[in-house]
Amino acid sequence: MDKYNDTPVKLMIYPAIFFMIVGMITGTFLAFNAFIFPDYFSGEYIHFGRVRPVHVWHVAILWLLSANVGLLYYFVPRLCGVTLWSPRIAYVSIGLWWLALIPGVYSFPTGTNFGWEYAELPNALGWLPVKPMMIISWILFAVVIMMTIATRTIEKMYVSLWYSMGTLFWAAFTIIVGTYAINWVPGGISRVNVSWFYVHNLVGLIFTPLGLATAYYFLPKLSNVPIYSHRLSMIGFWSIAFVYAWIGAHHMMHGPISQWLQTTSIVFSIWLFIPVWTVVTNLFATLKGNWEKYTQSAPIRFIILGTAYYLITCVQGPLMALRNVSEITSKTDWIIGHSHVSLYATFSFFAFAGIYQAVPVISKKPLWSEQLADWHFALNLWGSLLFIFPLWIGGFLQGMMWATWADGASYAQFHNNLVNLPFLATISEMYIWWVMRGLGGMVVLFGNILFAVNIFNTAFLKVPAQHSEKLSMAANS
Amino acid sequence: MSLHNAMHNIEKSAIFTFIGIVLLFSTAVIAVLVAPNYVEQTWTQPTNPYQVQVYEVADPNLYISRAGGDNRQFVYHMKQDYTLLAFQETETLRIVATPELERYVTRNGDPHLKLTARLLMLRPVPLPLRDREKKLQLELQQEWEKQHPLAVHEKLPKPAFQIMELYAPEGSEAFALAPSDSLLENWVDKDYTILDGAAKQPYHLDPGVIYVANPIEYRAKQTYTSWGTIWLYDPRGEAVASLQQLTNPPMNFVSRRELISIGEHIYNIEGCWYCHTDQTRTLVQDVVLNGSESFPAPPSSPGEYIYQEVTFPGTRRIGPDLSRVGVKRPSRDWHKGHFWAPKTASKGSIMPSFKHFFDDDPSGGAPQTVGVPNYQFEAIYQYLVTKGTRITPPTEAWWLGKDPIKTLEIIEGQRKLP
């Protein structure tokens, strides 16, 4: 009999990979249909505003969060040395999760948007209370994982467990604040403030700790090298817990909100350098002296490239909170590039690595094709460069163009600048960058289809005879 | 399996850290959830009395016909002791009234506007007074001939003056046609008196008030059809007596408040906010982008948004900022053309078209170049024109150069915006 029950892992990870492909197809469709050939396919249900949340919810929730939950079901029992506390509750949780999210996400084109960013899920679809179902699903998931940790036989808690426990608590809290408490405060900017609190905690207190928990577990597993410093990882965890909750307001730099709040959020944003540097140092230093492993394994390359992107996104983030940087970058494609580099190029890469390690173990078969995994990495590397850098460059240039309206000393001059460079002229300047973004997106999509094929074949194909040796190895790991 | 491992080996420093985190996290939550009500007043304060009155007095009581098309009617739901009314003669309008009501009329040339909270209305002069009307018409036309001898010489037709009777309807509420440009309400903040003594409503005490100018009784005629009794607009019908007549089919009037709220919902579900920001930031480029030819737009203040269920400050400007669109693009016709075909209406735009804001011609005519706007168009239009038009009273508006924040002085002096 197996020591660990891996059915919950499969029930989360396999659908998540499918939805990643759907979500990335949606994203590529938008890159072309909304930007390169704007409104080519036109209509009430497929224009950009209705389809964008479908893309965001596919890649952020149906793929990334679901994959991370699946990986948690995988490594928490293994770090605790016990099987999952109650698989039955886990099944209920997973059932509620997909039952709520799939109809919820696919209802956006019909006009069910809740109206707050990253909280678009409607409260209910007819008789189906999708949002409460999602929250209950999360709470059940938290109970299962917490009880698994509480009943563990391995006493020492590895950093991944700390990050997981933090996420379980923060996520439940953040989601309730962002979807219910937002209606308890007066309308207007008060709600906007709650919304940004929710949005940034979603990224910082859910995706970040889940992603880091994954990286901290799978990098040592994949490379067979222990983590560089347990103490450093602890500093990283506790400092992120310290500073994160206060930085949401930096989304409103120069906006209609009190200056004291803007300044406070800048201070806390800058403090984010502490957790980031500890994590980046720790992950890079783990491979110190073992860099040949980088060349041998695609999943390790994903974690290291993800860490490099994590460094970039986390240098950007605090600096973008500064008033003078925000003046240029805010409201441009730079922001879109920034959000993709964190959720796609960092945490999705970590999740890829985790799945590459976990799926052969849970299906007791070796990876179907190492070569395909290499291609998957290569296409994601070049695709992400082609996809994200144009967004940064184009966004930066657009911000600089907008700033030219402020050249001069009198209003006549300012207005003259605007007449010479109208807003729409700055949009047409973006065309070439949007084309590159679309092509980069296609490369990434193609790479990830290879990944999906690879994982599908690993999980569901019969193992060819010549692999029987590897099979026994995988079973023993 | 026991729980004794759960708290294994937790150091004292870890406990202190944990307490610190809980404290900091809860202060963040307090700042987010409690501050709006108890700490930061600026997030919930209205920007001025005009904003309050237009949202709370005008919007819920101004009804707009929903039947579609461009022949919109604006009908004011007037209430005794609540709605302020003005009866002001113009060059072409003369008002006749009984001696008792005479004092409510502001005669042509009177610089002092007379307002009343008493429920009064204008209507076509009724039969018993027709003689008086004819006499007055004659007098006015003779007066006009005297003033325009050249026109008489060239035998131009004489103008027909509009002569209405001021009367007091029965009951405590009434419905009246009230011409509106849907952008700005009638607002007076100097040289006015509210007749009949004390103010009847708190807002009557504000340093300025919204009023309904020259309301004309709204009349409808009962018609019998196969699907029941319906009411249709007819100037020779009888006065509309209840809100249901107005809001039920086929007249289908909707209050402007409801339209704005539907408009906000449409703005939400169509995802307008993914491409348009709704904030003029405290940056020179923003106040210039949203400014008029002569004056910069003042930066957005928190008070502008307090009447919204959902607020869309936005993260990305793929399209221009909309926080001052009611001032920059007030024209309904412009929005009609733009929603129908944005790429044609503004060159270089990548906005998708919103043809579902339009219906086919209900009369079954030949297909037209632009469809007939339906209530969705009306709603999103009404929502959009609230943007930037309600931050100051029309008499103190920034587009007249009377910006309360002095944005122009600040950016020309290169001082920091507040």
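Here is how names work: the chains are called A, B, and so on, in the same order as the sequence lines, proteins then strands, and each is numbered from 1.
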Do you know which of [options] has the most heavy-atom pairs with chain B at a distance under 4.5 angstrom?
options	value
His251(A), Gln413(A), Lys331(A)	Lys331(A)
Phe173(A), Trp170(A), Trp246(A)	Trp246(A)
Ser42(A), Ala181(A), Pro186(A)	Pro186(A)
Phe108(A), Trp184(A), Trp260(A)	Trp260(A)
Trp238(A), Phe48(A), Phe197(A), Trp116(A)	Trp116(A)
Pro53(A), Ala403(A), Gly248(A)	Pro53(A)

Taking the side chain as everything from C-beta on, heavy atoms only, tell me whether Pro296(B) gets closer than 4.5 Å to Phe414(A). no

Report yes if the side chains of Ile257(A) and Pro302(B) come closer than 4.5 Å at any heavy-atom pair, otherwise no.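 Side chain of Ile257(A) against side chain of Pro302(B), heavy atoms only: no contact under 4.5 Å found.
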
Closest-packed option against chain A by number of heavy-atom pairs under 4.5 Å, given [options]:
options	result
Thr27(B), Asp321(B), Val34(B), Leu23(B)	Thr27(B)
Thr280(B), Leu33(B), Asp286(B)	Leu33(B)
Ser301(B), Gly348(B), Ser292(B)	Ser292(B)
Met351(B), Gln308(B), Glu293(B), Lys355(B)	Glu293(B)
Tyr267(B), Tyr305(B), Trp43(B)	Trp43(B)
Cys275(B), Gly303(B), Ser294(B)	Ser294(B)

Minimum heavy-atom distance [X]-[Y], with the two atoms named:
X	Y	value
Pro256(A)	Ser300(B)	CB-O, 3.4 Å
Pro313(B)	Val192(A)	CG-CG1, 3.5 Å
Val32(B)	Asn193(A)	CA-ND2, 3.9 Å
Trp402(A)	Arg316(B)	CH2-NH1, 4.4 Å
Phe423(A)	Arg317(B)	CZ-O, 3.6 Å
Gly255(A)	Gln279(B)	CA-OE1, 3.3 Å

Measure from the side-chain N and O atoms of Lys343(B) to the backbone N and O of Pro38(A), and report whether any donor-acceptor pair falls under 3.5 Å.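 Side chain of Lys343(B) to backbone of Pro38(A): a pair is present.
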
Any donor and acceptor pair, going by atom type alone, linking the side chain of Asn113(A) with main-chain N or O of Gly271(B) inside 3.5 Å? no

For [X], which atoms come within 4.5 Å of any heavy atom of chain B: side chain, backbone, both, or neither?
X	value
Asp407(A)	neither
Leu421(A)	neither
Val194(A)	both
Leu261(A)	side chain
Ala34(A)	backbone
Tyr431(A)	neither
Met252(A)	neither

Does CZ in Phe37(A) sit with more than 12 non-hydrogen atoms of other residues, nucleotides or ligands closer than 6.0 Å? no

Measuring from [X]:[atom1] to [Y]:[atom2], what's the distance to the nearest 0.5 Å?
X	Y	atom1	atom2	result
Thr315(B)	His338(A)	OG1	NE2	12.0 Å
Trp405(A)	Leu283(B)	CH2	CG	11.5 Å
Ile350(B)	Ile427(A)	CD1	CD1	6.0 Å
Thr110(A)	Ile269(B)	OG1	CD1	8.0 Å

Contacts of Glu44(A) that satisfy salt bridge (charged side-chain N to carboxylate O under 4.0 Å, His left out) - sequence neighbours left out: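 Glu44(A) satisfies salt bridge (charged side-chain N to carboxylate O under 4.0 Å, His left out) with Arg50(A) once adjacent residues are dropped.
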
Measure [X] against the heavy atoms of chain A and call it side chain, backbone, both or neither at under 4.5 Å.
X	result
Leu408(B)	side chain
Ile318(B)	both
Phe354(B)	side chain
Ser349(B)	both

Just checking, is any N or O donor in the side chain of Glu270(B) or His47(A) under 3.5 Å from an acceptor N or O on the other one? yes

Would you say Ser258(A) and Glu40(B) are linked by a side-chain donor-acceptor pair, where the criterion is simply a distance under 3.5 Å? yes

Derivation of the salt bridge (Lys or Arg N to Asp or Glu O under 4.0 Å) call for Arg191(A) and Glu309(B): CA-CA 9 Å; Arg191(A) 287 186 188 173; Glu309(B) 272 292 305; 3.7 Å; yes

Ring pair (Phe, Tyr, Trp, His ring centres under 6.0 Å) contacts touching residues 274-297 of chain B (sequence neighbours left out):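 Pairs touching residues 274-297 of chain B that pass the test: none.
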
Below 6.0 angstrom between ring centroids: does that apply to Phe25(B) and Phe242(A)? no

